[in-house]
Amino acid sequence: MPQLALYTFGVLKSPLADPTPLTREFYDLGEAVYGKIGRHPGYLARAEAVGGRPGELFGADWGAWGEFAAPSWYDKGHTPETTALATTLSLWTGLRAAFDAVYTGVHREALNRRYDWFERTEHPNYVFWWVPDGVTPTWRDGVSRLDHLGVHGPAPHAFTFHDSFDADGTPSRIRDIGPKDGR
């Protein structure tokens, strides 16, 4: 049975190593978010570095998730002291499970504050795609799909909650996804 891959990418207003209260708050909240999402029904796995130090993304050992990669338009630091990005790569049983995890609880609270921590860009900040059972998506896959979404819009190859597709490429829509006010 296919699994749903989710790649997220955001550019932080300041490096993760920044000692300011706002950056510390984001980092601390991230631990709570990962804890909750990791227990959510439908969650399968996420990319986690093996060893390394906090904030080390580039050059860390990501195992089967492959070498870390960021979109070419990301123009901030690549060292633990200068990295100013937040990104995830995860696997889900389906779109509904991912939607419920993202838009409820502590993650929803974090989303409501995203502009306190993240720069606004013209690029999409997340993308979904289907992978065969037993296949682990890589960071490069995530970057490639996000770039594809930004250039070509939603398609079975790369899509969003609002414009989604089943594993066979059929357009799909789950109840309660998208703006409620008709926008």
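Just so it is clear, the model here is predicted, and its values are computed rather than measured.
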task: For the pair K36 and E109, evaluate salt bridge (charged side-chain N to carboxylate O under 4.0 Å, His left out) and give the outcome as yes or no after the intermediate values.
output: CA-CA 12 Å; K36 283 281 195 189; E109 293 170 23; over 6 Å; no
Shortest non-hydrogen contact between A86 and F26, atoms and distance: CB-CZ, 3.6 Å
- prompt: Rounded to the nearest 0.5 Å, what separation is found between the CZ atom of F165 and the CZ atom of R173?
  reply: 12.0 Å
message: Please tell me whether V106 and F99 are part of a single hydrophobic cluster in this structure, the criterion being side-chain heavy atoms less than 4.5 Å apart.
response: yes
- prompt: Taking atom CH2 of W129 and atom CG of L6, what is their separation to the nearest 0.5 Å?
  reply: 7.5 Å
field: More than 12 heavy atoms of other groups within 6.0 Å of E81 CD
entry: yes
- request: Begin with the C-alpha distance, continue with both residues' side-chain angles, and end with the deciding distance and a verdict on side-chain contact (heavy atoms from CB on, under 4.5 Å) for H157 and H152.
  value: CA-CA 10 Å; H157 181 77; H152 302 288; over 6 Å; no
- prompt: Hey, what do you get for CG (L89) to OG1 (T138), rounding to the nearest 0.5 Å?
  reply: 7.5 Å
message: Could you work out, with side chain to side chain contact (heavy atoms under 4.5 Å, CB included) as the rule, every residue matching A101, not counting sequence neighbours?
response: I37, H40, W92
message: If hydrophobic clusters are built by linking Ile, Leu, Val, Met, Phe, Trp and Tyr wherever their side-chain heavy atoms come under 4.5 Å apart, do L149 and F128 end up in the same one?
response: no
statement: For residues 4-13, the side chain to side chain donor-acceptor pair (under 3.5 Å) pairs (sequence neighbours left out) are T8-T88
message: The criterion is side chain to side chain contact (heavy atoms under 4.5 Å, CB included); which residues satisfy it with R24, sequence neighbours excluded?
response: P19, P21
- prompt: For E25 and W117, which heavy atoms make the closest approach, and how far apart are they?
  reply: OE1-NE1, 3.7 Å
- request: Starting from the C-alpha separation in whole Å, work towards a yes-or-no answer on side-chain contact (heavy atoms from CB on, under 4.5 Å) for Q3 and D133.
  value: CA-CA 6 Å; Q3 299 172 340; D133 188 27; 3.1 Å; yes
statement: The reported gap from CZ in F159 to CG in L95 (rounded to nearest 0.5 angstrom) is 6.5 Å
query: Honestly curious: do W62 and L146 fall in one hydrophobic cluster under the side-chain, below-4.5 Å linking rule?
result: yes
- line: The single option from F9, F118, W73 that satisfies ring pair (Phe, Tyr, Trp, His ring centres under 6.0 Å) with H123 is W73
query: Which atoms form the tightest heavy-atom contact between L85 and L12, and what is the distance?
result: O-CD1, 3.5 Å
message: Ignoring hydrogens, what is the shortest heavy-atom contact between D166 and S172? Give both atom names and the distance.
response: OD1-CB, 3.2 Å
query: If you look at every heavy atom in A167 and P2, which pair is closest and at what distance?
result: CB-CG, 3.7 Å
task: Mind telling me whether Y74 and F58 have parallel, tilted or perpendicular rings, with 30° and 60° as the class edges?
output: parallel
task: Calculate, to the nearest 0.5 Å, the distance between atoms OH and CZ belonging to Y34 and R46 respectively.
output: 5.0 Å
field: Short side-chain donor-acceptor distance under 3.5 Å, D141 and S144
entry: no
field: Stepwise side-chain contact (heavy atoms from CB on, under 4.5 Å) test for W139 and L57
entry: CA-CA 11 Å; W139 289 108; L57 301 171; over 6 Å; no
query: Looking only at heavy atoms, which two atoms of V131 and A5 are closest? And how far apart?
result: CG1-CB, 4.3 Å
- request: Is it possible for you to say whether F68 and V143 belong to one hydrophobic cluster, with membership spreading through side-chain heavy-atom contacts below 4.5 Å?
  value: yes
- request: Report yes or no: do Y126 and L91 belong to one cluster of Ile/Leu/Val/Met/Phe/Trp/Tyr joined by side chain heavy-atom distances under 4.5 Å?
  value: no
message: If I take atom OG from residue S90 and atom OH from residue Y43, how far apart are they, to the nearest 0.5 angstrom?
response: 7.0 Å
